[in-house]
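Data first, discussion second: the structure below is written as structure tokens.
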Amino acid sequence: DGAPEMPSLVVELAKALDLPNVMPVKVDLARPVGRQLDDPDRFDLILCTNVVSGMAADRQNLLIKEFGRWLTAEGSVIIVDPADEVKNRHLLEFRDRCVQAEWQILAPCPHQLPCPAVEIERETCHDRFIFEEPEFMIDLGTKRAARPPATQVTWFVIGREHRIKISENRARLVGERTKEKGRIHARICGDNGLTDLELQNRDRTDSNSDLGRAIRYDLLEISELESSGNRLRITKAARCEIVEEDGLLCLDSQRGSNEP
């Protein structure tokens with residue numbers, strides 16, 4: 001973060017979180033970062049927030065190379081940026097550059113293909129979280145909102161080793177569910193790109209009813225779909241189940257709800 005007050009605020013925040021060994025370091029992102037950190041040890045986790053979307057393409061490519069020098073073999077990089085339209089598109093393009101450089105997308109994408117949202121004008125891909133200000137933020141002088149605010153971010157996790165089973169029957173819910181005239185609509189992203197799903201109330205069964213409780217970014221196992229105009233319809237014979245992801249995406253308690 002380029003704000004001059006951020007180093008001191010980071011130290012205060014770290015103390016509030018009982019992290020005594022956090023030390024902010026100022027670097028120039030236009031130059032190789034590793035050299036400015038005196039050849040650091042390799043890390044298990046690298047977190048980049050509000051960093052990537054503001055970089056030019058050539059600097060993004062250099063950063064991807066630097067990840068390979070900083071990260072352990074089983075380590076991960078978490079990229080998080082605001083979800084406004086311009087920054088979102090820059091981040092999705094960065095995601096594709098990571099794939100081209102043979103990094104594995106560990107989450108949330110259920111495939112290693114180019115992001116289909118990049119090919120559609122004004123299309124975005126983002127998650128939505130309900131943010132409850134913790135007490136330490138109040139202590140640091142922030143103002144508590146009258147109601148928990150929602151924040152929208154674009155994020156993804158990369159690593160060298162893929163740890164999620166990829167299947168042509170799996171897809172990520174990338175939009176809010178909507179309900180109209182006895183049916184549920186939802187948008188998913190999978191091997192076939194972005195697809196709109198429809199589940200009519202008359203076709204709902206125990207095997208496909210998970211769509212009715214799925215939230216944005218849930219991973220779904222889907223089979224036996226039927227074409228219906230420009231949508232895919234979940235039939236009575238279809239299966240639609242939420243896939244448990246073994247803690248990799250255990251963020252449900254922080255997400256916003258959009259129950260139809």
- Task: Begin from the C-alpha positions of L194 and R187 and carry the test side chain to side chain contact (heavy atoms under 4.5 Å, CB included) through to its verdict.
- Result: CA-CA 7 Å; L194 292 171; R187 173 166 278 200; 3.9 Å; yes
- ring pair (Phe, Tyr, Trp, His ring centres under 6.0 Å) assessment of Y217 paired with W155: CA-CA 11 Å; Y217 272 31; W155 65 271; 5.8 Å; yes
- Checking side chain to side chain contact (heavy atoms under 4.5 Å, CB included) for the pair L232/S227: CA distance, chi angles, key distance, verdict? CA-CA 5 Å; L232 289 178; S227 295; 3.8 Å; yes
- Task: Evaluate the criterion side chain to side chain contact (heavy atoms under 4.5 Å, CB included) for residue pair D210 and D218; output intermediate values, then yes/no.
- Result: CA-CA 10 Å; D210 272 8; D218 271 342; over 6 Å; no
- Query: K15 and D18: salt bridge (charged side-chain N to carboxylate O under 4.0 Å, His left out), yes or no, with the steps?
  - Reply: CA-CA 5 Å; K15 289 179 179 178; D18 196 24; over 6 Å; no
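One distance of note links SG of C109 with CG of D96; it measures 8.5 Å at 0.5 Å rounding. Between L92 atom CG and H126 atom NE2 the span is 11.0 Å, to the nearest 0.5 Å. Rounded to the nearest 0.5 angstrom, R160 CZ and I158 CD1 are separated by 8.0 Å. A distance of 8.5 Å separates CD1 of I222 from CG of N169, quoted to the nearest 0.5 Å. Between atom CD1 of residue I242 and atom CG of residue L173 there is a gap of 9.0 Å, rounded to the nearest 0.5 Å. S53 contributes atom OG, which lies 10.5 Å from atom CD1 of I79 (distance to the nearest 0.5 angstrom).
Considering all non-hydrogen atoms of both residues, L113 and D191 come closest at CD1-O, 3.6 Å. Heavy atoms only, all atoms of each residue included: I184 and G212 are closest at CD1-CA, 3.8 Å. Across all non-hydrogen atoms, the minimal contact from A238 to S207 is O-CB, 3.9 Å. Among all heavy-atom pairs drawn from S209 and R204, the shortest one is CB-CG, 3.9 Å. Residues L45 and L71 come closest through the heavy atom pair N-CD1, 4.5 Å. Closest heavy-atom contact between C125 and T154: O-OG1, 3.0 Å.
A single hydrophobic cluster is seen to contain both F67 and V99, as judged by linkage of ILVMFWY side chains at heavy-atom distances under 4.5 Å, directly or through other members. Both I64 and V27 are members of a single hydrophobic cluster when ILVMFWY side chains are connected at heavy-atom separations under 4.5 Å. Residues I105 and V51 are members of one and the same hydrophobic cluster, defined by side-chain heavy-atom contacts under 4.5 angstrom among Ile, Leu, Val, Met, Phe, Trp and Tyr. Hydrophobic clustering places I46 together with M55 (ILVMFWY residues linked when any side-chain heavy atoms are closer than 4.5 Å, directly or through intermediates). Follow the hydrophobic side-chain contacts under 4.5 Å out from L91 and you never reach V118; the two are in separate clusters.
Of the possible donor and acceptor atoms, none in the side chain of T72 sits under 3.5 Å from a partner among the backbone N and O of R42. Looking at D44, its side chain never comes within 3.5 Å of a backbone N or O of G75 through a donor-acceptor pair. Listed for the R177 side chain is no donor-acceptor partner under 3.5 Å among the backbone atoms of A186. No side-chain donor-acceptor contact under 3.5 Å links N88 to the backbone of P82. Side-chain N or O atoms of Q60 include one that pairs as donor or acceptor with a backbone N or O of V52 at under 3.5 Å. Panel note: side chain D203, backbone Q200; no donor-acceptor pair is recorded below 3.5 Å. At distances below 3.5 Å, at least one donor-acceptor pair connects side-chain atoms of N208 with backbone N or O atoms of T235. A donor-acceptor pair is defined here as one N or O able to donate and one able to accept, closer than 3.5 Å; such a pair exists between the side chain of R172 and the backbone of P108.
Residues satisfying the side-chain contact (heavy atoms from CB on, under 4.5 Å) criterion with E66, sequence neighbours excluded, are P32, V33, R59, L62, L63, R69, W70. In this structure R89 satisfies the salt bridge (charged side-chain N to carboxylate O under 4.0 Å, His left out) test with no other residue, sequence neighbours excluded.
With a 4.5 Å cut-off on side-chain heavy atoms, L211 and I234 count as touching. Residues L220 and E241 fail the side-chain proximity criterion, which asks for heavy atoms closer than 4.5 Å. No side-chain heavy atom of K179 sits under 4.5 Å from any side-chain heavy atom of H185. Looking at heavy atoms from C-beta onward, I78 lies out of side-chain contact with C48 at the 4.5 angstrom threshold.
For D206, the CG atom is loosely surrounded, since the number of other residues' heavy atoms within 6.0 Å does not exceed 12. Residue N192 qualifies as open at atom CG: its count of foreign heavy atoms under 6.0 Å is 12 or below.
A salt bridge links R216 with E176: the distance from a Lys NZ or Arg NE/NH1/NH2 to an Asp or Glu carboxylate oxygen falls below 4.0 Å. E93 has no carboxylate O lying under 4.0 Å from a charged side-chain N of R95, or vice versa, which leaves the two without a salt bridge.
For the residue pair H111/R170, the side-chain donor-acceptor check at 3.5 Å is not satisfied.
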